[in-house]
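These numbers come from the heavy atoms of this one structure, side chains and all, not from hydrogens, waters or symmetry mates. Atoms within each ligand, like the ligands themselves, are counted from 1 in listed order.
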Amino acid sequence: MAKLEAERKPLIAGNWKLNLDHLQSIAFVQKLAWSLKDARFDFSKVEVAIFPPFTDLRSVQSLIAADKFELTFGAQDVSAHDSGAFTGEISGQFLSALDCRYVIVGHSERRSFHFESNDLVGLKASAAIRNGLIPVICVGETAEDLETRGASAVPVEQLDTALAEVPSGSEIVVAYEPVWAIGSGQAASPEQAETVAGLLREVIASRLGSDCANATRILYGGSVKSGNIASFMREENIDGALVGGASLIIDEFVKIARFQNHVGV
Ligand code: PGA
């Protein structure tokens with residue numbers, strides 16, 4: 001079955017993590033936008049989004065608006081609450097006011113270093129949606145999960161719980177990121193990623209309806225680089241990538257975004 005290209009525009013998303021301050025972000029986004037332009041990048045075919053740290057967002061917003069860059073952007077996390085006595089938290093209302101289109105929720109680094117549960121990830125996804133943001137819901141198994149329960153059990157469970165909080169028909173993005181593949185240089189095989197992505201699409205269908213499942217972009221993440229992106233993008237259920245390390249190297253990120261130019265895609 002051919003991919004429903006028209007319904008699912010590929011998304012190449014760069015997760016900067018804890019890198020680049022607001023001054024560095026300005027130089028970086030300018031260079032990225034120019035490099036894409038030099039490469040005659042067609043934004044009508046592929047969306048390119050960046051996820052800078054919170055303190056960069058205002059600078060990135062102003063630059064993208066002033067120079068009419070076609071890049072989209074989002075934040076790396078959001079509070080489950082919209083306002084109140086929650087020291088250190090960032091509201092979805094604030095992100096929305098900064099023109100963020102997306103927010104990442106449930107990244108494995110939040111789950112492991114900040115003990116975020118599947119329920120909390122669901123509350124964050126729903127906070128994003130009620131504030132007009134598209135949550136990029138991250139799921140994935142650890143090396144231990146892979147050994148004891150296989151590749152799909154944990155991501156399916158994580159997504160199913162998170163979507164319990166999400167109204168049916170909502171626009172979401174799902175990122176399948178095996179924890180053992182993140183930052184390790186060891187990406188999952190395209191076959192494994194495709195199998196899990198297919199099962200995740202079934203979870204979306206049962207929670208949010210089949211139209212929503214067909215329209216939802218499912219990304220693969222974990223050691224994506226220009227040399228392996230094409231093999232993932234060939235898969236039926238994979239509609240893009242969440243890129244960490246390689247999103248900080250402009251030439252490499254541009255090559256990833258231009259996956260359609262790679263031989264055989
Ligand atoms: P990586 O990170 O591309 O450096 O493996 C991916 C991610 O954490 O989103």
State whether the shortest distance between N or O atoms of [X] and N or O atoms of ligand 1 falls below 3.5 angstrom.
X: V243; result: no
X: G245; result: yes
X: S184; result: no

Against heavy atoms of [X], which atoms of ligand 1 measure under 4.0 Å?
X: H107; value: 7 (C), 8 (O), 9 (O)
X: G222; value: 5 (O)
X: N15; value: 9 (O)

**Study point:** Options A241, G244, G140, G183, ranked by nearest heavy atom to atom 5 (O) of ligand 1, top entry
**Key:**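 Ranked by closest heavy atom to atom 5 (O) of ligand 1, first place is G183.
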Under 3.5 Å, is there a donor-acceptor pair between the [X] and [Y] side chains?
X: D119; Y: S117; result: no
X: E252; Y: S226; result: yes
X: E47; Y: T72; result: yes
X: Q76; Y: W16; result: no
X: S59; Y: D56; result: no

Review point. For atom 9 (O) of ligand 1, which protein heavy atom lies nearest, and how many Å away is it?
Key: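 Checking every protein heavy atom, the shortest distance to atom 9 (O) of ligand 1 gives E177 OE2, 2.7 Å.
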Point to revise | Worked verdict on Q192 versus Y220 for side-chain hydrogen bond (donor to acceptor under 3.5 Å, both in side chains) | key: CA-CA 10 Å; Q192 174 180 327; Y220 166 75; over 6 Å; no
Point to revise | Sub-4.0 Å heavy-atom contact, A246 with ligand 1 | key: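 The answer is no: ligand 1 sits nowhere under 4.0 Å from a heavy atom of A246.
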Check your understanding: Should K17 be listed as contacting ligand 1, given a heavy-atom distance under 4.0 Å as the test?
Key ->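 Yes.
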Practice item. Kindly say whether S44 contributes a backbone atom to a donor-acceptor pair with the side chain of D42 at under 3.5 angstrom? Key: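 Flag set: sc D42 to bb S44 pair under 3.5 Å.
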